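Down below is the structure, laid out as structure tokens.
All figures in this text were calculated on a predicted structure; none of them were measured in a lab. All ligand and atom numbering here is 1-based and tracks the order in the structure.
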Amino acid sequence: MEKRIHNFNAGPAALPMEVLEEAQKNLLNHKGQGLSVLEMSHRSKEYDAILKEAEKDMKELLGIPDNYTVMFLQGGATLQFAMVPLNLLPEGKSADYINTGVWATKAIEEAQKLGKTVKVIASSEDKAFTYIPKKFDISPDAAYLHITANNTIRGTEWQSFPDTGKVDLVCDMSSDFCSRPVDVKKFALIYAGAQKNVGPAGATIVIIRNDLLEKSPKNIPTMCNYKIMAKEPSLYNTPPCFTIYMIGLVLKWLKKIGGLAKMQEINVAKAKVLYDRLDKNDFYRGTVEKDSRSLMNIPFRLKSEELEEKFLKEAKANDMIGMKGHRSVGGIRASFYNAVSMESARALVAFMDEFEKKNS
Ligand SMILES: *Cc1c(COP(=O)(O)O)cnc(C)c1O
């Protein structure tokens, strides 16, 4: 087998070995069709089968009700920061946002850039985004409430989602999508960049409740119009064909391991291995409040930046990569997405124990 390193990248990130092998096996000759998925027409029946299968598996895995549409779009989660208000926030209305970190801030700023009225009803900025706000009042007449399920940079995660009553809930689920079961009908719209948890870069999953499609104004760019994008989902123009194919393989893998409840169980066990280590003494220090801890991105600090640099360097020498904290916050961050194995989690903690012994 190929030599594989322990990949703790924040995104693009680790993919399941089985998925990579399957893609490799079929790369030159997809299922005897004599060509690669990379070379197929997106209008061919061979490709249509791949797309429809990915859609179907996603609906099945997440239990997406029939009155929702699943789309694979481009432009990243970042384009959704603009598309959501462009489509769903008409003039004269205001939308609520909860600010839990860098990505949430960008979502807010993008809406404001479009001249939209935004109300930040809660923020954890007072404590450097190290917790998920618990108290907030949703404006009863808000066009929607926007939240960020998992804060990739700070390592906080909503443990449960707020009840929004009649107000539509819009969620950036980029970095914990398919890491646990979610009750899709609580949401009006979910979006997620594929490259954190369900595939390579290049596609953004949008799950939208169909009645919202009627809100899209006519005078916005075609590629930003949910209604047009949903008419023939993922096929208005050329979609990111190969990325969607890879997402499809990841979804099959998720089904095979037992679905999202099982995936969550595995993710809880994996994260516990590292959190238990962080809680053991103060050589390593977790940076977020315990009841807001993310299962996906686990940031921590050492006593000095010099020691952190040494840690990263030695980790790399031990085949562990991707743990440099985001440039805006520094420190260490280990990302434990779905495809990161328990073996990698244990290897990291063993390395941390060893590093502590040598440096204290
Ligand atoms: C990575 C990330 C984004 C940005 O995603 P792009 O696909 O690079 O645009 C947005 N939100 C969250 C929560 C993320 O983790």
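Side-chain contact, D211 with N67: no donor N or O sits under 3.5 Å from an acceptor N or O.
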Please tabulate, one line per pair, the protein nitrogen or oxygen atoms found under 3.5 angstrom from a nitrogen or oxygen of ligand 1, with distances to 0.1 Å, or say none if there are no such pairs.
| unit_1 | atom_1 | unit_2 | atom_2 | d |
| --- | --- | --- | --- | --- |
| ligand 1 | 7 (O) | A77 | N | 3.2 |
| ligand 1 | 7 (O) | Q195 | NE2 | 2.9 |
| ligand 1 | 9 (O) | A77 | N | 3.2 |
| ligand 1 | 9 (O) | T78 | N | 2.9 |
| ligand 1 | 9 (O) | T78 | OG1 | 2.5 |
| ligand 1 | 11 (N) | D172 | OD2 | 2.6 |
| ligand 1 | 15 (O) | T152 | OG1 | 2.4 |
| ligand 1 | 15 (O) | K196 | NZ | 2.6 |

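Atom CZ of residue F336 and atom CG of residue L295 lie 10.5 Å apart, to the nearest 0.5 angstrom.
Listed by first and then second residue, the side-chain hydrogen bond (donor to acceptor under 3.5 Å, both in side chains) pairs that reach into residues 155-164 are N151-T156, sequence neighbours excluded. Sorted by first and then second residue, the pairs that involve residues 95-111 and meet salt bridge (Lys or Arg N to Asp or Glu O under 4.0 Å), not counting sequence neighbours, are E110-K113.
Taking the centre and axis of the six-membered ring of F136, the NZ or CZ atom of K134 falls outside the cone set by 45° and 6.0 Å.
Not counting sequence neighbours, Y236 has no partner by the ring-ring contact (aromatic ring centres under 6.0 Å, His included) test.
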